[in-house]
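One structure is given here, and the rest of the page talks about it.
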Amino acid sequence: MLLPFLIVGGVGLVLLLISLILGDIFDHFEIGDGAISGTALAVGLVVFGASGALTTSAGLDVVWAYALSIVLAVVAYVLSALLVRNLSRSSDGVPQSAVGLTGVARSDISTSGGEVSLDGPGEVERRIAYSDAFIAEGSRVRVVEHAGTRVKVTAD
């Protein structure tokens with residue numbers, strides 16, 4: 001009676017590894033327009049297999065093992081799907097514009113480049129910066145253009 005749980009849990013583990021390495025597999029097949037998450041399905045299958053194996057080996061009847069496993073698998077799927085959806089909405093897919101942010105020059109800045117630290121939400125690293133005019137290290141700067149990872153600054 002333990003074998004079905006081990007098989008389903010093993011399939012879920014394989015799907016989870018594939019989803020972690022290659023990304024969500026159902027995104028490539030466009031199934032359900034994103035309604036089905038391969039990662040969440042894999043988590044549900046792993047929880048079904050693990051909880052079924054645990055309840056069976058604890059001595060519960062097979063009917064209770066299946067009932068408990070199904071309930072826990074559905075709960076795990078729903079929680080995982082919500083977590084995956086929230087994480088994909090908050091991903092850094094589109095960078096925010098830094099135009100208008102102020103900061104400090106961390107090195108001398110010229111037309112050839114330099115570095116700045118900006119004062120803004122999510123600005124924890126230094127950025128590569130350039131300017132039309134020379135700006136000395138330690139000066140306050142303001143971003144006037146943002147292109148990729150580089151910012152154009154002026155003295156503030």
Side-chain angles (χ1 to χ4, degrees), residues 5-55 68-156:
F5 294 113
L6 294 177
I7 291 172
V8 171
V11 168
L13 188 59
V14 168
L15 283 176
L16 188 59
L17 290 174
I18 290 172
S19 291
L20 291 175
I21 294 170
L22 300 177
D24 199 341
I25 56 174
F26 290 124
D27 282 348
H28 300 293
F29 299 116
E30 298 178 12
I31 296 175
D33 195 31
I36 299 174
S37 167
T39 305
L41 181 62
V43 167
L45 292 175
V46 168
V47 168
F48 175 84
S51 60
L54 289 173
T55 54
L68 185 62
S69 298
I70 290 171
V71 168
L72 289 175
V74 168
V75 169
Y77 173 81
V78 170
L79 290 175
S80 299
L82 290 173
L83 182 66
V84 166
R85 181 176 298 143
N86 286 339
L87 287 174
S88 15
R89 284 183 185 158
S90 69
S91 72
D92 296 340
V94 178
Q96 289 186 325
S97 176
V99 174
L101 292 179
T102 59
V104 176
R106 295 296 176 191
S107 67
D108 291 338
I109 301 172
S110 64
T111 54
S112 60
E115 287 185 337
V116 294
S117 292
L118 298 176
D119 306 324
E123 294 291 331
V124 294
E125 297 178 2
R126 294 179 178 189
R127 287 188 181 247
I128 298 173
Y130 66 98
S131 176
D132 291 335
F134 178 81
I135 300 174
E137 179 179 354
S139 301
R140 295 289 300 168
V141 295
R142 179 172 301 277
V143 178
V144 293
E145 286 183 33
H146 181 184
T149 57
R150 294 178 44 140
V151 291
K152 182 178 181 182
V153 295
T154 60
D156 199 25

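Numbers here simply count residues along the sequence, with the first being 1. Remember, it's a predicted structure, so these values are computed and weren't measured experimentally.
Scanning both residues, I135 and A155, for their nearest heavy atoms gives CD1-N, 3.6 Å. The two residues G12 and V46 have their closest heavy-atom pair at C-CG2, 3.4 Å. Residues A105 and A136 share a closest heavy-atom pair of CB-O, 3.7 Å. V99 and V144 get closest at one heavy-atom pair: CG1-O, 4.0 Å. Smallest separation of non-hydrogen atoms from A129 and V116: CB-CG1, 3.7 Å. For the residue pair S69 and F5, the shortest heavy atom distance occurs at OG-CE2, 3.7 Å.
Listed by chain and number, the residues in a side chain to side chain donor-acceptor pair (under 3.5 Å) with T102 are R140 (sequence neighbours excluded). With sequence neighbours excluded, the residues forming a side-chain contact (heavy atoms from CB on, under 4.5 Å) with E137 are D108, listed by chain and number. Scanning for side chain to side chain donor-acceptor pair (under 3.5 Å) contacts around S107 gives an empty result, with sequence neighbours left out. When the side-chain contact (heavy atoms from CB on, under 4.5 Å) test is applied to L6, the partners found at least two apart in sequence or on another chain are L2, A53. Remark: A76 pairs with V43, V47 by the side-chain contact (heavy atoms from CB on, under 4.5 Å) rule, at least two apart or across chains. Scanning for side chain to side chain donor-acceptor pair (under 3.5 Å) contacts around S117 gives R106, with sequence neighbours left out. Considering only residues two or more places apart in sequence or on other chains, V8 meets the side-chain contact (heavy atoms from CB on, under 4.5 Å) condition with L45, F48. Among residues two or more places apart in sequence or in another chain, the side chain to side chain donor-acceptor pair (under 3.5 Å) test is passed with D156 by R142.
Between the side chain of S131 and the backbone N or O of V153, at least one donor-acceptor pair lies under 3.5 Å.
Note that CZ of R127 and CG of L101 are 7.5 Å apart. Values are rounded to the nearest 0.5 Å. Residue F134 holds its CZ atom at 9.0 Å from CD1 of I109, rounded to the nearest 0.5 Å.
Contact of the V151 side chain with the I128 side chain is not registered, since no non-hydrogen atoms from C-beta on lie closer than 4.5 Å.
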